[in-house]
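To start, the structure itself, in structure tokens.
Basis for what follows: all heavy atoms, side chains included, without hydrogens, waters or symmetry-related copies. In this text, all values refer to a predicted model and were calculated from it rather than measured experimentally.
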Number of protein chains: 2
Amino acid sequence: MTVWDRPEQPNRPVPLDRERIVAAAVALADEGGLAAVSLRKVAARLNAGPMRLYGYISTKDDLFDLMVDAVYAEILPGERPGDWREALRSLAHGTRRAALRHEWLADLLGGRPALGPNGLAVSEATLAALDGLADVDTVMRAVETVSAYFTGAIRREITELRAERATGLSKSEWQRARGPHVTRMLATGRFPALAKAVHDGTHVDAEESFATGLEWVLDAVAARLG
Amino acid sequence: MTVWDRPEQPNRPVPLDRERIVAAAVALADEGGLAAVSLRKVAARLNAGPMRLYGYISTKDDLFDLMVDAVYAEILPGERPGDWREALRSLAHGTRRAALRHEWLADLLGGRPALGPNGLAVSEATLAALDGLADVDTVMRAVETVSAYFTGAIRREITELRAERATGLSKSEWQRARGPHVTRMLATGRFPALAKAVHDGTHVDAEESFATGLEWVLDAVAARLG
DNA sequence: TACGGCGAAAATACAGTGTATCGACATGAG
DNA sequence: CTCATGTCGATACACTGTATTTTCGCCGTA
């Protein structure tokens, strides 16, 4: 019996670490949404028993926190931004792009404090970009206001994306009708302003709409930063 | 055996309707969060078997949609608002107050399209208040931007509220330290701007912070409408 | 009054979940 | 070579959403 006959690691289980676990969970979530992430499935993907994971996380929410922090690593800007406005803008767009890559992020964003290393690093980079432009409280308010905007906007965008996908309707068709139920509701005449908005509104690209609202908010912030 | 000996409804199960079901679900969620809402528990609270509910809803998400729409009924403004700004402001504050009464709303807000009668009525009232102030697209952008802001802000506020509650720390204590982990992280010196913000920032009342950010966003909207 | 048939409610069943507990076993120390 | 240790897997439990089957009370008819 030579070495070649023996498997490389006789009965040794595959080594595990948080990185591998989180990567498996992210992969599952990317494929089937957050609902597809179960400890059993994550473990199975790593050729391990479910209980094995509890050596690295102590609860499922821990895993979600780690997943979010992993995405923050993708968001973290590489180089120092030109100015505060560029910093906030790129944070917003970066988060949005991350959410389009990992739609489940929309379900988690803002749902728990982001205290992981990458989340903190993003906060640090953002605050650093605004440092000294105003008193600390004003700077905080600025960051929080912009964050609130893009968090909410991303959530809505992903929600609508899913709704469109659920009904087989084309995007513009959906935009105009939003399914039979809303069509019927609008036909009752009880919602004239809404009907007008749906009927007369031109279809606007999601990214452009996101960007426009963002610039408005940035303008508002600029007015306070002086 | 007279009528008096017989119970009023011999073996007849209690009558059910959506309103009762949703009320029970809301009560459960108010007490123990969304996680405390299970079809079995909702049914039990109505002295019914779990399967009974499927005559009124066809999935658990349906129930969530109905719960959200029930809250929109609380948010729906009574009288016609003075101007567009007042309309958007009161929508934002009304939603926030609703979320403070029903914290689970923060988990659902923005997570599904609000197509129920009350949700549509809120949209209608909001759009009506802005009708004619600008072209339809601009009005839509305004409403969506403000909604994105307050949705995100509410979610963050509730999230922080829960985090504070989870650690037994007092509010100001939390504000300054955010638990041992963050304290340790800040002590590493890797997050100077963040450390400064946490250390020098004065504690700001949540409602005031919400209101301030909202006024900024409303200013930005005003600049485009006017 | 007796009897079917029917519709609704209940019971049961199933596949899956997060997590606690316990038993076995491979590995390192003596 | 033996024994302690600590890690991993199997098992177990209480619970979930939902499909399917069973039961049963009521109503119209004979």
Side-chain angles (χ1 to χ4, degrees), chain A residues 1 3 6-22 24-29 31-68 104 107-108 111-112 166, chain B residues 1 3 5-22 24-29 31-68 104 107-108 111-112 162 166:
Chain A
M1 168 122 147
V3 222
R6 236 176 308 129
E8 190 168 350
Q9 291 186 352
N11 277 335
R12 199 68 60 67
V14 296
L16 238 52
D17 52 26
R18 284 192 178 173
E19 199 178 324
R20 233 180 285 259
I21 292 174
V22 172
V26 166
L28 278 168
E31 292 164 16
L34 258 201
V37 178
S38 84
L39 296 184
R40 282 167 164 86
K41 284 193 272 218
V42 171
R45 195 172 261 247
L46 298 165
N47 292 110
M51 285 301 118
R52 189 84 187 280
L53 303 184
Y54 283 87
Y56 305 86
I57 56 173
S58 66
T59 200
K60 196 188 184 179
D61 280 347
D62 280 8
L63 180 57
F64 286 159
D65 288 349
L66 291 173
M67 291 169 67
V68 170
W104 48 269
D107 303 315
L108 263 23
R112 322 198 92 227
Chain B
M1 166 124 150
V3 222
D5 301 322
R6 238 177 305 129
E8 191 167 350
Q9 291 187 351
N11 277 335
R12 198 67 59 69
V14 295
L16 237 54
D17 53 28
R18 283 193 177 173
E19 198 179 324
R20 232 181 287 259
I21 292 174
V22 171
V26 166
L28 278 168
E31 292 165 15
L34 258 201
V37 178
S38 85
L39 296 183
R40 282 169 163 86
K41 283 194 273 218
V42 170
R45 195 173 262 246
L46 298 165
N47 292 109
M51 284 302 122
R52 192 84 188 279
L53 303 184
Y54 282 86
Y56 304 86
I57 57 175
S58 66
T59 200
K60 195 186 183 180
D61 280 347
D62 279 8
L63 180 57
F64 286 159
D65 288 348
L66 291 173
M67 290 168 68
V68 171
W104 48 269
D107 303 315
L108 264 22
R112 323 197 93 226
R162 286 169 174 160

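Counting any heavy atom pair closer than 4.0 Å across all strands shown, B:Val42 reaches no nucleic acid atom.
Rounded to a whole Å, the NZ atom of B:Lys60 is 15 Å from the P atom of D:dA19. Per the geometry, CZ belonging to A:Arg40 stands 10 Å off C1' belonging to D:dA12, to the nearest Å. One interatomic measurement links the two molecules: CG of A:Leu53 to P of C:dT17, which rounds to 13 Å at whole-angstrom precision. In this entry the distance linking OH of B:Tyr56 with C1' of C:dA9 reads 10 Å, nearest Å. The distance from atom CG of B:Leu39 to atom P of C:dC14 is 20 Å, rounded to the nearest whole Å. As a whole-Å value, the separation of B:Ile21 CD1 from D:dG17 P is 14 Å. Rounding to whole angstrom units, OH of residue B:Tyr54 and P of C:dA11 are separated by 17 Å. One atom, CE of B:Met51, and another, C1' of D:dT16, lie 11 Å apart when rounded to the nearest Å.
Under 4.0 angstrom from either OP1 or OP2 of C:dT17 there lies at least one side-chain N or O belonging to A:Lys41. A sub-4.0 Å separation between OP1 or OP2 of D:dT18 and a side-chain N or O of B:Thr59 is present.
A heavy-atom distance below 4.5 Å is not found between the side chains of A:Val68 and A:Arg112. Annotation: side chain of B:Asp62 is not in contact with side chain of B:Tyr56 (no heavy-atom distance under 4.5 Å). A 4.5 Å side-chain heavy-atom check between B:Ile57 and B:Asp65 finds every atom pair outside the cut-off.
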What's the verdict on side chain to side chain contact (heavy atoms under 4.5 Å, CB included) for B:Arg52 and B:Leu46, showing C-alpha distance, side-chain angles and the deciding distance?
CA-CA 10 Å; B:Arg52 192 84 188 279; B:Leu46 298 165; over 6 Å; no

